[in-house]
Amino acid sequence: MRNEKDSQIDFFEKVYDVVRQIPYGKVTTYGLIAKHLGSPQAARMVGWAMNKSHYQENYVPAQRVVNRNGMLSGKHHFNGEHVMEDLLMSEGIQIKNDCIIDFEKHLWDPEAFLK
DNA sequence: CTCGTGACTCCCC
DNA sequence: AGGGGAGCCACGA
């Protein structure tokens, strides 16, 4: 049985939970995660969670989360200019102009895996 | 407590 | 085609 306090921490925890399950070489979007959590409009919160994910003890592959266009909107929040890009490329994902090439091929829908 | 802001997205003009 | 507004919710000042 859940109490109200549980539901308060649900969102961020679920975000981290989903992000950690993104397979190697795959990516997903803020919107899909938010949608999976039941609040399609709360994509901004996912981004906020990613920002805060830096303080999480467990590893959160934030580089695998991009905006709906496959653009690396969060790259500026990594330590270095090319960190996010390098991480993705090391997983076999091609990047050009901060955009993921063949984004749809690498897209991982949380609903498909977790339903 | 109130206000502003943000790694987003959708809708309308 | 591109710009503006609204909704979402947590968090810091």
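Treat the numbers as computed from the prediction; the structure is a model and nothing was measured.
For Gln41(A), taking side-chain heavy atoms from C-beta onward, the closest of the listed nucleotides dA7(B), dG6(B), dG7(C) is dG7(C). Closest to the side chain of Ala42(A), out of dG6(B), dA7(B), dC8(C), is dC8(C). Among the nucleotides dT9(B), dG7(C), dA7(B), the one closest to the side chain of Arg44(A) is dG7(C). Taking the side chain of Phe78(A) as heavy atoms from C-beta on, and the options dT5(B), dT9(B), dA7(B), the nearest nucleotide is dA7(B).
Here the side chains of Val27(A) and Trp108(A) are not in contact, with every heavy-atom distance at 4.5 Å or above.
At whole-Å resolution of the value, NE2 in His54(A) and P in dG6(B) are 19 Å apart. Straight-line distance from the NZ atom of Lys52(A) to the P atom of dC11(C): 5 Å, rounded to whole Å. Rounded to an integer number of Å, the gap from CG of Leu88(A) to C1' of dA7(B) is 13 Å. Note: CZ (Phe11(A)) to P (dG7(C)) measures 17 Å, nearest angstrom. Rounded to whole Å, atom P of dC8(B) lies 14 Å from atom CG of Leu32(A). One interatomic measurement links the two molecules: NZ of Lys14(A) to C1' of dC8(C), which rounds to 16 Å at whole-angstrom precision. If you measure from atom CD1 of Ile33(A) to atom P of dC9(C), you get 16 Å, rounded to the nearest angstrom. In this structure, Leu72(A) atom CG and dA7(B) atom P are separated by 14 Å, rounded to whole Å.
Ala62(A) comes within contact range of at least one nucleobase, with a heavy-atom separation under 4.0 Å. Arg68(A) comes within contact range of the sugar-phosphate backbone alone, with a heavy-atom separation under 4.0 Å but no base atom that close. The residue Asn51(A) sits close to a base: some heavy atom pair falls under 4.0 Å.
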| request: Quick one: do Glu91(A) and Lys26(A) satisfy salt bridge (Lys or Arg N to Asp or Glu O under 4.0 Å)? Show the steps, please. | output: CA-CA 8 Å; Glu91(A) 299 189 3; Lys26(A) 293 288 183 181; over 6 Å; no
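Across dC8(B) and dA1(C), the matching P atoms stand 23 Å from one another, rounded to whole Å. Annotation: dA7(B) and dG2(C) have their C1' atoms spaced 23 Å apart (nearest Å).
For the OP1/OP2 pair of dA7(B) and a distance below 4.0 Å, the side-chain nitrogens and oxygens of Lys75(A) include no atom meeting the criterion. Checking the phosphate oxygens (OP1, OP2) of dG7(C), no side-chain nitrogen or oxygen of Ser39(A) falls inside 4.0 Å.
Taking each heavy atom of Glu85(A) and Lys75(A) in turn, the nearest pair found is OE1-NZ, 4.2 Å.
At most 12 non-hydrogen atoms from other residues, nucleotides or ligands lie less than 6.0 angstrom from OH of Tyr55(A).
Hydrophobic clustering (ILVMFWY, side-chain heavy atoms < 4.5 Å, transitive): Val65(A) and Val83(A) are in distinct clusters.
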